[in-house]
Amino acid sequence: MQVIIAEKPSVAREIAAIVGATNRKDGFIEGNGYAVTWAFGHLVGLAMPQQYGIAGFRRENLPILPPSFILLPRQVREGKEYKDDPGVVKQLGILRELFGMAERIIVATDAGREGELIFRYIYSYLECSTPFVRLWISSLTDRAIREGLQQLRPGQEYDNLYLSAKARSEADWIVGINASQALAVAAGRGVWSLGRVQTPTLAIICSRYLENKAFKPATYFRLKLSTAKGATAFAVLSSEKFDGRDKAEAVRAEVVGAGTVRVVSVERKEAREQPPLLYDLTTLQKEANSRHGFPAEKTLDIAQSLYERKFITYPRTGSRYISEDVAEEIPALIGNMTRYSRFAEYAGRMDTASLSRRSVDNEKIADHHALLPTENLPSELDADHRIVYEMVAGRMLETFSGVCVKENTSLTLQCAGHGFTARGSIIVDKGWRAVMNDPAEEKEEEDTTLLPDIVQGDELPVRGCDTEQKQTRPRPLHTESSLLAAMETAGRELSDEAEREAMKDAGIGTPATRAAIIETLFSREYIRREKKSLVPTDKGLAVYAVVKDKKIADVAMTGGWELALSKIATGEMDAPTFHRGIEVFATQIAKELLEAEIEGAERGGVACPRCGRPVVFYPKLAKCQNPDCGLAVWRTVARKELTDKQLAELLTKGKTGTIRGFAKSGGGTFDAALALDDQFKTSFVFEPHNTPKQGKRNKRK
């Protein structure tokens, strides 16, 4: 019997149907000489410090550097403790039995670094010695699965990929555990979390936010001259920017008085915009965020769903290229699009004998090729799934289309001795831009305009001239799209597509993990969304203030680690060397953080008024750390958020001073002090002149 292990039950069912396994059992499907089973993602992971005999957060325990790591089944919280997940333990028992009976194991977990780790950790935890081979496919279509099963690869071919995944897993543990515990010890209060990738990502967001807020806009003035040739009116801007309005107004008077403006030069250039490269996951996430407002995690979830439903290829790819053999399938995929209503007309007009080869390069593919639609066309999709599917399918058509040809015109004009400029652009041949036919795609730069047929020496009338007040602008706050771009290029702002591609291996995180890192920052309450912008919270800024000058926030260094991991996967670097470097770093960062002075840490150490044990201030409440006491004071009272200082005053003195701005239930606000009653519940205390008209409110809402 051969055992096939997939990453999820849904994928196992697809494979079982192909190999003829139809008899459903508890935890697997068998038949035709196969048993097809599954994991539920990461069934096995690295044990926490308690398993090494290290309890609590203590200065003397740091750094924590296990000589070897212990693997445990996935944990779930039960009361105050973490225990093995019963469902995981049961599935591991089934896998142990199946692996023990198997002639060989066919590994069908996702074909990537984390998929390899999922299987190898299970294999190691079960102390299995059954030989295994690898199913390595880029889509879940029936044809891809059949072809993959006919071309199974020896398991040892992926040993380096596993070593890279294991090194990543252990590095995240070492850095995360030591940095988080050191910061918590230094702070003396609260719950803190730092990580190898999440902390430099937070640093990118915070540094941009602080730069934006500290920016001092400078006011300047420009003249906007209105003119026309024939029936076409257009405007030109002064070349000069004026510091003061008086100077601008003086020049404006000269221009209006001149009456005509002369065309000094006309420069026309043909611009040929090459078609874009195919999507990798990060580029798909960036564009889905900027165009449709999708969070990165949502785009990944949708793409994974489309993959599992056989509509697109493997989404967790970092490549924007395809190989020569995959390129041979492109004409058929384009022909397939003639049966998809949105792209039918365009696909029908494409000449598949002369397709662009910009995204075809065998040398630029690692684990998986770029995202493509499969031969399976979706019939019904909800709106969000349709958006992502059409992005992938439309990008394929764009990539293999011809160039977009534009004619760009630059004008230089003079009036009363002052220079003016204008730029215009018209599309001569839409080329690849005709695929999506999206007006947003054709939006020109802000300072371009529709220009008439104009020649050097033309004298044109001055129809009017306005003085426009403008201000310099800071770089905008990060969105998820711009943050993903910054993570991909280790914080460097690169607009050139080729430069971004060259930086990929030195980015922070991977295409498969960046969305999860961003969501971790939300769950830690380090950042929040304001419309499309990512804004750090007070807690996030406090963490940044501590780490900004330390190596754990160094984006370039973290990018270097990611490059090292990719070299381990290709055999260019050995994992023990990387591991030793991580241990040295963790030792250093723990020492630095233990010595850190954390803003607001002096407000810690508040004693519980009920039992005298320490009270910890969390984002939503202050809570006694004695589980038998359980005193809790909510931070938000009548829609007013209390500061740490007000909470400390309430807990130490039993009463605060007057606090302004509590919300009335019927609208409006009122002022009151807060006090703890004999049950340690929060109550309002009103001065006579502060009593709300509707009567005294003596309990927190």
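None of these values were measured; they are calculated from a predicted model. The chain is numbered in sequence order, starting from 1.
- With hydrogens and angles disregarded, no donor-acceptor distance shorter than 3.5 Å links the side chain of Thr472 to the backbone of Pro217.
- A salt bridge between Arg316 and Asp280 is absent, with no side-chain N of the basic residue lying under 4.0 Å from a carboxylate O of the acidic one.
- With hydrogens and angles disregarded, no donor-acceptor distance shorter than 3.5 Å links the side chain of Thr636 to the backbone of Arg639.
- One distance of note links CD1 of Ile589 with NZ of Lys551; it measures 9.0 Å at 0.5 Å rounding.
- Evaluation of the side-chain hydrogen bond (donor to acceptor under 3.5 Å, both in side chains) rule for Thr201 yields no partner, not counting sequence neighbours.
- Residues Asn160 and Thr570 fail the side-chain proximity criterion, which asks for heavy atoms closer than 4.5 Å.
- What you find for Leu95 and Ile5 is that their closest heavy atoms are CD2-CD1, 4.0 Å.
- Tyr314 meets the ring-ring contact (aromatic ring centres under 6.0 Å, His included) test with Tyr307, His368; sequence neighbours excluded.
- Judged by distance alone, with hydrogens and angles left aside, the side-chain atoms of Ser319 form a donor-acceptor pair with the main-chain N or O of Lys364 at under 3.5 Å.
- Sequence neighbours left out, the pairs with a member in residues 567-592 that pass salt bridge (Lys or Arg N to Asp or Glu O under 4.0 Å) are Lys591-Glu595.
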Output, in order, the C-alpha distance, side-chain angles, deciding distance and verdict of side-chain contact (heavy atoms from CB on, under 4.5 Å) for Leu117 and Ser169. CA-CA 9 Å; Leu117 187 69; Ser169 174; 4.0 Å; yes

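- Among residues two or more places apart in sequence or in another chain, the ring-ring contact (aromatic ring centres under 6.0 Å, His included) test is passed with Phe585 by Trp561.
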Would you please test Leu202 and Val547 for side-chain contact (heavy atoms from CB on, under 4.5 Å) and show each step? CA-CA 10 Å; Leu202 176 64; Val547 303; 5.8 Å; no

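- Side chains of Pro536 and Tyr526 form no contact here, defined as non-hydrogen atoms less than 4.5 Å apart.
- Of all heavy-atom pairs between Ala167 and Leu565, the closest is CB-CD2, 3.8 Å.
- For the pair Thr577 and Met573, the minimum side-chain heavy-atom distance is below 4.5 Å.
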Contacts table for residues 527-535: side-chain donor-acceptor under 3.5 angstrom, sequence neighbours left out:
residue	atom	partner	partner atom	Å
Arg528	NE	Glu530	OE2	3.4
Arg528	NH2	Glu530	OE2	2.8
Arg529	NE	Glu480	OE2	3.3
Arg529	NH2	Glu480	OE2	2.5
Lys532	NZ	Ser290	O	2.9

Below 3.5 Å, can you tabulate the donor-acceptor pairs from side chains in residues 39-56 to any protein atom, sequence neighbours excluded?
residue	atom	partner	partner atom	Å
Tyr52	OH	Ile70	N	2.8

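- With a 4.5 Å cut-off on side-chain heavy atoms, Leu62 and Phe57 do not count as touching.
- Residues Lys166 and Tyr121 have side chains in contact (heavy-atom distance under 4.5 Å, counting atoms from C-beta outward).
- Formation of a donor-acceptor pair under 3.5 Å by the Arg514 side chain with backbone atoms of Leu484 is not found in this model.
- Minimum interatomic distance between Leu281 and Pro511 (heavy atoms only, all atoms of both residues): CD2-O, 2.9 Å.
- Taking CD1 from Ile302 and CD from Glu297, the interatomic distance works out to 11.0 Å, rounded to the nearest 0.5 Å.
- Between the side chain of Arg320 and the main chain of Ala370, no donor-acceptor pair closer than 3.5 Å is present.
- Checking side-chain atoms of Ser207 against main-chain N and O of Ala203 turns up a donor-acceptor pair under 3.5 Å.
- Salt bridge present: Glu488 and Lys286 bring a charged side-chain N and a carboxylate O closer than 4.0 Å.
- In this structure the side chain of Trp38 reaches within 4.5 angstrom of the side chain of Gln91, judged on heavy atoms.
- Put simply, OG1 on Thr658 and CZ on Arg660 are 7.5 Å apart, with the number rounded to the nearest 0.5 Å.
- Annotation: side-chain contact (heavy atoms from CB on, under 4.5 Å) contacts of Thr513 (sequence neighbours excluded): Thr510.
- Sequence neighbours left out, the pairs with a member in residues 109-128 that pass salt bridge (Lys or Arg N to Asp or Glu O under 4.0 Å) are Arg113-Glu562, Glu114-Arg168, Glu116-Arg120, Glu116-Arg134, Arg120-Asp159.
- Under the ring-ring contact (aromatic ring centres under 6.0 Å, His included) criterion, Phe69 pairs with Trp173, not counting sequence neighbours.
- Leu631 contributes atom CG, which lies 6.5 Å from atom CG of Leu651 (distance to the nearest 0.5 angstrom).
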Check the pair Leu647, Thr656 against side-chain contact (heavy atoms from CB on, under 4.5 Å), reporting the backbone distance first and the verdict last. CA-CA 8 Å; Leu647 282 171; Thr656 69; over 6 Å; no

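- Counting heavy atoms from C-beta outward, Leu541 and Leu210 have side chains that approach closer than 4.5 Å.
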Just list the side-chain donor-acceptor pairs under 3.5 Å for residues 177-185, sequence neighbours left out, or say none.
residue	atom	partner	partner atom	Å
Asn178	OD1	Ile64	N	2.6
Asn178	ND2	Ile64	O	3.1
Asn178	ND2	Ile174	O	2.8
Ser180	OG	Gly176	O	2.7
Ser180	OG	Leu194	N	2.8
Ser180	OG	Leu194	O	3.2

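- Sorted by first and then second residue, the side-chain hydrogen bond (donor to acceptor under 3.5 Å, both in side chains) pairs involving residues 64-76 (not counting sequence neighbours) are Gln75-Asp84.
- Residue Leu563 holds its CG atom at 10.5 Å from CD1 of Ile568, rounded to the nearest 0.5 Å.
- Not one N or O on the side chain of Arg610 forms a donor-acceptor pair closer than 3.5 Å with the backbone of Phe680.
- The two atoms that bring Thr299 and Ala288 nearest to each other are OG1-CB, 3.4 Å, heavy atoms only.
- Pro609 approaches Leu676 most closely through the heavy-atom pair CG-CD1, 4.1 Å.
- If you take CZ on Arg208 and OG on Ser482, they are separated by 6.0 Å, rounding to the nearest 0.5 Å.
- With sequence neighbours excluded, the residues that form a ring-ring contact (aromatic ring centres under 6.0 Å, His included) with Phe119 are Tyr123, Phe132.
- Using modelled atom types and a 3.5 Å distance limit, the side chains of Tyr279 and Glu287 yield a donor-acceptor pair.
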When you look at Ser138 and His369, which way does the side-chain contact (heavy atoms from CB on, under 4.5 Å) test go after all the steps? CA-CA 8 Å; Ser138 287; His369 60 65; 3.7 Å; yes

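- Across all their heavy atoms, Leu642 and Trp634 have their closest contact at CD1-O, 4.2 Å.
- No side-chain heavy atom of Thr199 sits under 4.5 Å from any side-chain heavy atom of Thr558.
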